[in-house]
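Remember, predicted model here, so these are calculated numbers, not experimental data. Below, all heavy atoms of this structure are taken into account, side chains as well, without hydrogens, waters or symmetry copies.
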Amino acid sequence: MTEITARLDAVGVVVSDMAAAVTFYRRLGLAFPEGAEEQPHAEAVLPGGLRVLLDTEETVKSFHPSWRAPARGASRHGLAFDCGDAAGVDAVYEELLAAGYDGELKPWDAFWGQRYAVVLDPDGNGVDLFAPPAATA
């Protein structure tokens, strides 16, 4: 059995109104960059490096067309694990499937530069696996 090497890197939130979400989370002390209100994706880095990611519903649907917004009050949060590199994403994904967990999105090279996949935890919550874009030489 391969040892899975993944590091919790981010907590993602799907939002219906980016400007309202950025305003709310700024009031809680998160430092989103200026102009984040107008973007489809925004990030705030916490002390220690953990990131809070906000993505609009449209952004999520752009790469996961079958995704549907849950009822108000249902979870829109997700955990994202950095798997180091593209091979790490593939290996962690396959390891989890081999252990009996379900995949939601197979590993792929996402248009934003990451290797990206989603598996489901035992309760059906999506858990993101990713690798940062490869450094350019």
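Linking ILVMFWY residues whenever their side-chain heavy atoms come closer than 4.5 Å, directly or via other members, leaves Val22 and Leu53 in distinct clusters. Linking ILVMFWY residues whenever their side-chain heavy atoms come closer than 4.5 Å, directly or via other members, leaves Val60 and Val15 in distinct clusters. Residue Leu96 is grouped with residue Val127 when hydrophobic side chains (ILVMFWY) are merged at heavy-atom distances under 4.5 angstrom, including chains of intermediate members. Criterion: ILVMFWY side-chain heavy atoms under 4.5 Å apart, direct or through other members. Under it, Val13 and Phe24 are part of a common hydrophobic cluster. No chain of hydrophobic side-chain contacts below 4.5 Å, direct or via other Ile, Leu, Val, Met, Phe, Trp or Tyr residues, connects Val45 to Val52.
Residue pairs meeting the salt bridge (charged side-chain N to carboxylate O under 4.0 Å, His left out) criterion with at least one member in residues 104-114, sequence neighbours excluded: Asp109-Arg115. Under the side chain to side chain donor-acceptor pair (under 3.5 Å) criterion, the residue pairs touching residues 17-34 are Arg26-Glu37, with sequence neighbours excluded.
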Inset, instruction - Check step by step if side chain to side chain contact (heavy atoms under 4.5 Å, CB included) holds for Leu79 and Val11. - result: CA-CA 5 Å; Leu79 302 177; Val11 176; 4.0 Å; yes
> Hey, mind stepping through Asp82 and Phe130 against side chain to side chain contact (heavy atoms under 4.5 Å, CB included) and telling me if it holds?
Replying inline: CA-CA 5 Å; Asp82 182 341; Phe130 76 94; 3.6 Å; yes
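Under the 4.5 Å side-chain criterion, counting only non-hydrogen atoms from C-beta, Leu46 is in contact with Leu30. Contact of the Tyr116 side chain with the Leu129 side chain is not registered, since no non-hydrogen atoms from C-beta on lie closer than 4.5 Å.
Here CG of Leu54 is found 9.5 Å from CD of Glu43. Values are rounded to the nearest 0.5 Å. To the nearest 0.5 Å, atoms CG (Leu120) and OH (Tyr101) are separated by 12.0 Å.
With sequence neighbours excluded, the residues satisfying side chain to side chain donor-acceptor pair (under 3.5 Å) with Trp112 are Gln114. Residues meeting the side chain to side chain contact (heavy atoms under 4.5 Å, CB included) test with Pro40, sequence neighbours left out: Thr56, Thr59. When the side chain to side chain contact (heavy atoms under 4.5 Å, CB included) test is applied to Ala69, the partners found at least two apart in sequence or on another chain are Glu57, Trp67, Arg76. When the salt bridge (Lys or Arg N to Asp or Glu O under 4.0 Å) test is applied to Asp9, the partners found at least two apart in sequence or on another chain are Arg7, Arg51.
Heavy atoms only, all atoms of each residue included: Ala42 and Ala36 are closest at CB-CB, 3.9 Å. Closest non-hydrogen pair, Val92 versus Cys83, comes out as CG2-SG, 3.9 Å. In terms of heavy atoms, Pro107 sits closest to Val89 at CB-CG1, 4.2 Å. In terms of heavy atoms, Ala131 sits closest to Asp85 at CB-C, 3.2 Å.
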